[in-house]
Amino acid sequence: MAVLKLQSLKPRPISELSMKVGSIRCYVSSCRAVLLPRFGGPEVLQLRPDVPVPDLKPNEVLVRARAVSINPLDTRMRSGYGRSIFEPLLPLILGRDVSGEVAAVGASVKSLTVGQEVFGALHPTALRGTYTDYAILTEDELSPKPASLTHVEASAIPFAALTAWRALKSTARITEGQRLLVIGGGGAVGFSAIQIAVAAGCHVTTTCGNQSINRLIAAGAEQAVDYTSEDIESVIKEKFDAVLDTIGVPETERIGINLLNRGGHYMTLQGEAAALSDRYGLPIGLPAATAVLFKKRIQYKFSHGIEYSWIYMRADSEGLHEIRRLSEAGKLSIPVEKTFSITQVREAHEAKDKKQILGKVVLELD
């Protein structure tokens, strides 16, 4: 399919940008985007008006972004996390989540059409993120937006929910009646995991701060332990079939593994691949990370009879469609605490850095 590019420095309504003329789809060649030219604090972020929009590959979709959420990965990458991978490729566009409308599609895209409202998330290592008027995702990274949600609400869900989905459905393969412990249920991934597990018919216990207890019980957790004032191992009496540790420090790893049944799964979000690569460089760091993971898997298999995994988000079209179904049914949501305009991206990152806003933050694009 041929592609005709229209030059534009300002976003226009979809009706002006995306049109079919025979087999030609038209779209902008440049737009606003937040660039990360170097690692550092919020002040390094630059909103530029004329960042190029690449040609679409056959399986890609151009999305006119209406809202993008800020994930912990965004602020960590901005500060230098993953430096060994990303520094040679600067400048980057941050952002993983997006909700918006389809502006153009690649030649092989079949499931989505121009003008359709969609939401989705990019892989953690994507170089061109979603802090931009026009984001590019593959067909498998997108799904129709839940009709009952606004773009702001929808943008808060995909990356966190897909991370939880991979842990529970792809790795632990949870089934009805099993028991799940979520360490750190107050964050977006933990909160998603609780809701996904409850929807699957599992019994869920979680740890969290005092301010999150009522929200997590309302989401279906049967027990919520305040880790700031209670001894987790004294309060939690039962054993679990799976543990998702969103905190991932040595103490929570020890607790999680000791609370597992034999044959259970311990999963942590804090894998060491990026950290070791940043410390020692890719040629040494990646093999070292592989060795650490292999050692822990063998160690815990023999000492506790459990499976040990590092969890990363991965595009999963089946998972995203199921997440959409759960969201439409009112069984999965992530509350948004505050929104900022994309022009206030520095202020939004600063607020997250200073922990002025503990909940989800979303950037709106007009």
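You'll find the side chain of I255 stays beyond 4.5 Å of the side chain of Y227, heavy atoms only. Counting heavy atoms from C-beta outward, K360 and D97 have side chains that approach closer than 4.5 Å. Taking 4.5 Å as the limit, some side-chain heavy atom of F191 sits within range of a side-chain heavy atom of L216. By the 4.5 Å heavy-atom criterion applied to side chains, P335 and R215 are counted as neighbours. Side-chain atoms of I93 and L127, non-hydrogen and from C-beta on, never get closer than 4.5 Å to each other. No side-chain heavy atom of D74 sits under 4.5 Å from any side-chain heavy atom of K352. At a threshold of 4.5 Å between non-hydrogen side-chain atoms, the residues R179 and N261 do not count as touching. Counting only heavy atoms from C-beta outward, the side chains of M313 and L73 never approach each other to under 4.5 Å.
Nearest heavy atoms, P144 versus L112: CD-CD2, 4.3 Å. Contact between A348 and I70 at its shortest, heavy atoms only, is CB-CD1, 3.6 Å. The shortest heavy-atom contact between I196 and A164 is CD1-CB, 4.1 Å. Nearest heavy-atom pair across S327 and L149 is CB-CD1, 4.1 Å. Nearest heavy-atom pair, S148 versus E153, reported as atom, atom and distance to 0.1 Å: O-OE1, 4.2 Å. Closest heavy-atom contact between L137 and G120: CD2-C, 4.2 Å.
To the nearest 0.5 Å, atom OG1 of residue T150 and atom CD of residue E364 are 8.0 Å apart. Distance check: L181 CG to T206 OG1 gives 7.0 Å after rounding to the nearest 0.5 Å. Taken to the nearest 0.5 Å, the OG atom of S155 stands 14.5 Å off from the CZ atom of R96. Of the inter-residue distances, the one linking K331 atom NZ with E322 atom CD reads 9.0 Å to the nearest 0.5 angstrom. The CD1 atom of I311 sits 8.5 Å away from atom OG of S170, with the distance rounded to the nearest 0.5 Å. In this structure, CG in D231 is found 9.5 Å from CD1 in I236, a value given to the nearest 0.5 Å.
In this structure, R48 contributes its side chain and A33 its backbone to no donor-acceptor pair below 3.5 Å. The backbone N or O of E43 sits less than 3.5 Å from a side-chain atom of R346, completing a donor-acceptor pair. Between the side chain of Q270 and the main chain of G248, no donor-acceptor pair closer than 3.5 Å is present. Side-chain atoms of T268 never come within 3.5 Å of backbone atoms of W310 as a donor-acceptor pair (strictly under, hydrogens ignored). For T138 (side chain) and E60 (main-chain N/O), no donor-acceptor pair under 3.5 Å exists by modelled atom type. Side-chain N or O atoms of Q195 include one that pairs as donor or acceptor with a backbone N or O of S333 at under 3.5 Å.
Both V235 and I232 sit in one connected hydrophobic cluster of ILVMFWY residues. Membership requires side-chain heavy atoms under 4.5 Å apart, directly or through other members. Both L45 and L90 are members of a single hydrophobic cluster when ILVMFWY side chains are connected at heavy-atom separations under 4.5 Å. Under the 4.5 Å side-chain heavy-atom criterion for Ile, Leu, Val, Met, Phe, Trp and Tyr, V361 and L47 are members of the same hydrophobic cluster. Tracing side-chain contacts under 4.5 Å through hydrophobic residues (I, L, V, M, F, W, Y), one reaches L363 starting from V44; they form part of the same cluster. Connection of V243 to V249 is established within a shared hydrophobic cluster, with ILVMFWY side chains joined at heavy-atom distances below 4.5 Å, either directly or through further cluster members.
Remark: K338 pairs with F340, I357 by the side-chain contact (heavy atoms from CB on, under 4.5 Å) rule, at least two apart or across chains. With sequence neighbours excluded, the residues forming a side-chain contact (heavy atoms from CB on, under 4.5 Å) with D226 are N210, I213, T228, S229, E230, listed by chain and number. Scanning for side-chain hydrogen bond (donor to acceptor under 3.5 Å, both in side chains) contacts around S99 gives H151, with sequence neighbours left out.
A donor and an acceptor atom, one from each side chain of E253 and Y300, are located under 3.5 Å apart. Side chain to side chain, S111 and E139 meet the donor-acceptor criterion of an N or O pair below 3.5 Å. H349 and T75 form no side-chain donor-acceptor contact under 3.5 Å, judged by distance and modelled atom types alone.
By the 6.0 Å contact criterion, CD on E318 is open, its count of non-hydrogen atoms from other residues, nucleotides or ligands being 12 or less. No more than 12 heavy atoms of other residues, nucleotides or ligands sit less than 6.0 Å from atom NZ of K57.
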**OP:** Please test I136 against R128 for side-chain contact (heavy atoms from CB on, under 4.5 Å), starting from the C-alpha separation and ending with a verdict.
**Re:** CA-CA 8 Å; I136 295 177; R128 191 182 191 281; 4.2 Å; yes
Original post:
Could you go step by step and tell me if D316 and R166 meet the side-chain contact (heavy atoms from CB on, under 4.5 Å) rule?
Top reply: CA-CA 8 Å; D316 181 332; R166 185 177 185 195; over 6 Å; no
**OP:** Go through D133 and V28 one step at a time and tell me if the side-chain contact (heavy atoms from CB on, under 4.5 Å) criterion holds.
**Re:** CA-CA 10 Å; D133 286 313; V28 291; over 6 Å; no
**OP:** Please assess W165 against L320 for the test side-chain contact (heavy atoms from CB on, under 4.5 Å), listing each intermediate value before the final yes or no.
**Re:** CA-CA 9 Å; W165 182 271; L320 185 57; over 6 Å; no
**OP:** Could you go through the salt bridge (Lys or Arg N to Asp or Glu O under 4.0 Å) check for D140 and R314 one step at a time?
**Re:** CA-CA 10 Å; D140 287 343; R314 170 184 283 175; over 6 Å; no
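Evaluated for a side-chain contact (heavy atoms from CB on, under 4.5 Å) with F240, the options T205, V182, L180 yield exactly one hit, T205. The residue from V118, T130, L122 that alone fulfils the side-chain contact (heavy atoms from CB on, under 4.5 Å) condition with V98 is T130.
Between D245 and R254 there is no salt bridge, since no side-chain nitrogen of the basic residue lies less than 4.0 Å from a carboxylate oxygen of the acidic one. Ion pairing between K301 and E307 holds under the 4.0 Å rule for side-chain N and carboxylate O. A salt bridge does not link E328 to R325: none of the charged side-chain nitrogens sits closer than 4.0 Å to a carboxylate oxygen.
Both tests do not hold together for R78 against F39: distance to the six-membered ring centre under 6.0 Å, angle to the ring axis within 45°.
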